[in-house]
Colleague: 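Let me give you the structure first, and then I'll get to my questions.
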Amino acid sequence: MLLTADIGNTNITLALFDGNKYINEFRLASDKDLSGEEYEILLKSLFKEYKIDGCVIASVVEELNVKFKRAVDNVFEITSVFVAHDINLGIKISTDNPSEVGADRLANAVAAAKFYEGAVIVIDFGTATSFDIINSKREFLGGVIAPGISTQMKCLKSSTSKLPRIDVSISPNAIGHNTTDAILSGVIRGTACMVDGLVEQCERELGESITLVATGGYCGLISNYLKRPFDVVNPILTLEGLRVIYDLNTKHSKAFEQKSFSLNG
């Protein structure tokens, strides 16, 4: 089985694939203080019933890169593929500085180009809300990065003396008649308005119609407030992109033979 690992700022999402079939998913906290040995123990516990033949890792947490990759390789006795802009992605990265693009955004772009026709905007609702934009020539052009919903909530609590920390939930009204509803309107409905406005602007700049794809934990919530609905909601889009990247970079491909996937450090 293939293990895909998406190391985000909040969680490490681990998914199993049997060929193209999604099997199961697990989550760990992105804990920079855990040692490599402790990650090895966690991996052994989670996957003791599975035979892992390969692994592909995307990370936006640099402090975890080396220790997590080594833990995976040691536990499963494999050489994992680490996602970067300079491996075989099957698409062209047409940003000013490809090395700056997060590995999760690369995975989203790869999946979008693989599974959807024409130009695509992927909106990923995580710690950050990101737009990943692919034109009909299968070029990743860049996109948008904004604070995510939970990040906005935390910021309001930490940066003010009186506003409370509240849970993310449905916003009952645009006009909040109490502090909680006012915050929910600003964050939830405000994010939806941002999405509507930026999608319109990005599509205009592209000069072609787009397929609008959503992924990430809050996409279902935000969809309640959009003027333009998502064309596709795919909760495992990033993980599927990682699977595609692994397939492009296995020993059966020329790219794998020409590149080393060892991580320095």
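Numbering starts at 1 and runs along the sequence shown. No hydrogens, no waters, no symmetry mates; every other heavy atom, side chains included, goes into these values.
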Colleague: Do V144 and M194 come within less than 4.5 Å of each other through their side chains, counting heavy atoms only?
Modeller: no

Colleague: With a 3.5 Å cut-off and no angle check, do the side chains of D73 and S80 form a donor-acceptor pair?
Modeller: yes

Colleague: Just by modelled atom types, is the V168 backbone N or O under 3.5 Å from a matching donor or acceptor in the Y218 side chain?
Modeller: no

Colleague: Checking the side chain of S185 only, and the main-chain atoms of A182 only, is there a donor and an acceptor separated by less than 3.5 Å?
Modeller: no

Colleague: Between S45 (side chain only) and I41 (backbone N and O only), is there a donor and an acceptor less than 3.5 Å apart?
Modeller: no

Colleague: Under the salt bridge (charged side-chain N to carboxylate O under 4.0 Å, His left out) test, which residues partner E25, sequence neighbours left out?
Modeller: R27

Colleague: Where the side chain of D181 meets the backbone of H177, is there a donor-acceptor pair that is under 3.5 Å apart?
Modeller: no

Colleague: Would you say I23 and L43 are hydrophobically clustered, going by side-chain heavy atoms of ILVMFWY under 4.5 Å?
Modeller: yes

Colleague: Roughly how far, to the nearest 0.5 Å, is the NZ atom of K69 from the OG atom of S59?
Modeller: 12.5 Å

Colleague: Whether the T238 and N108 side chains hold a donor-acceptor pair (N or O, under 3.5 Å, no angle test) is what I'd like checked.
Modeller: yes

Colleague: Hey, any chance V199 and V120 share a hydrophobic cluster, counting ILVMFWY side chains that come within less than 4.5 Å of each other, even indirectly?
Modeller: no

Colleague: With no hydrogens and no angle check, is any side-chain donor or acceptor of S136 less than 3.5 Å from a backbone partner on G118?
Modeller: no

Colleague: Run I12 and L64 through side-chain contact (heavy atoms from CB on, under 4.5 Å) and show every step you take.
Modeller: CA-CA 10 Å; I12 301 173; L64 290 178; 4.3 Å; yes

Colleague: Under the side-chain contact (heavy atoms from CB on, under 4.5 Å) criterion, do M153 and I166 qualify, and how do the steps go?
Modeller: CA-CA 7 Å; M153 293 290 200; I166 65 172; 3.9 Å; yes

Colleague: Is the closest side-chain heavy-atom distance between F131 and V195 below 4.5 Å?
Modeller: yes

Colleague: Just wondering, do I123 and L198 contact through their side chains at under 4.5 Å, heavy atoms?
Modeller: no

Colleague: Could you check whether any side-chain heavy atom of E38 comes within less than 4.5 Å of a side-chain heavy atom of D31, counting everything from C-beta outward?
Modeller: no

Colleague: Less than 4.5 Å apart, any side-chain heavy atom of I133 and any of E205?
Modeller: no

Colleague: Taking side-chain contact (heavy atoms from CB on, under 4.5 Å) as the criterion, tell me which of T215, D132, V60 meets it with D104.
Modeller: V60

Colleague: Using atom types as modelled, flag every donor-acceptor pair under 3.5 Å from a side chain in residues 4-11 to any protein atom, sequence neighbours excluded.
Modeller:
| from | atom 1 | to | atom 2 | distance (Å) |
| --- | --- | --- | --- | --- |
| T4 | OG1 | A15 | O | 3.4 |
| T10 | OG1 | T127 | OG1 | 2.9 |

Colleague: Give a yes or no answer on whether the side chain of D196 reaches the backbone of R228 with a donor-acceptor pair at less than 3.5 Å.
Modeller: yes

Colleague: So do the side chains of D124 and T129 get within less than 4.5 Å of each other, counting heavy atoms only?
Modeller: no

Colleague: Rounded to the nearest 0.5 Å, how far does CZ of F47 lie from CG of L14?
Modeller: 4.5 Å

Colleague: Return the set of residues passing salt bridge (charged side-chain N to carboxylate O under 4.0 Å, His left out) with K162 (not counting sequence neighbours), or none when no residue passes.
Modeller: none

Colleague: Counting only heavy atoms not in I170, do more than 12 fall under 6.0 Å of its CD1?
Modeller: yes

Colleague: Is it true that a side-chain atom of D18 and a backbone atom of K21 form a donor plus acceptor pair closer than 3.5 Å?
Modeller: no

Colleague: Hey, is E200 close enough to K227 for a salt bridge, meaning N to O under 4.0 Å?
Modeller: no

Colleague: Heavy-atom distance under 4.5 Å between the side chains of L42 and L34, does that happen here?
Modeller: yes

Colleague: Mind checking whether V232 and F230 sit in one hydrophobic cluster, side chains of I, L, V, M, F, W, Y counted as touching below 4.5 Å?
Modeller: no

Colleague: For S171, does its backbone N or O pair with a side-chain atom of R189 as donor and acceptor, under 3.5 Å?
Modeller: yes

Colleague: Side chains of F140 and V110: closer than 4.5 Å at any heavy-atom pair?
Modeller: no

Colleague: Please report the interatomic distance CZ(F115) to CG(N234), rounded to the nearest 0.5 Å.
Modeller: 8.0 Å

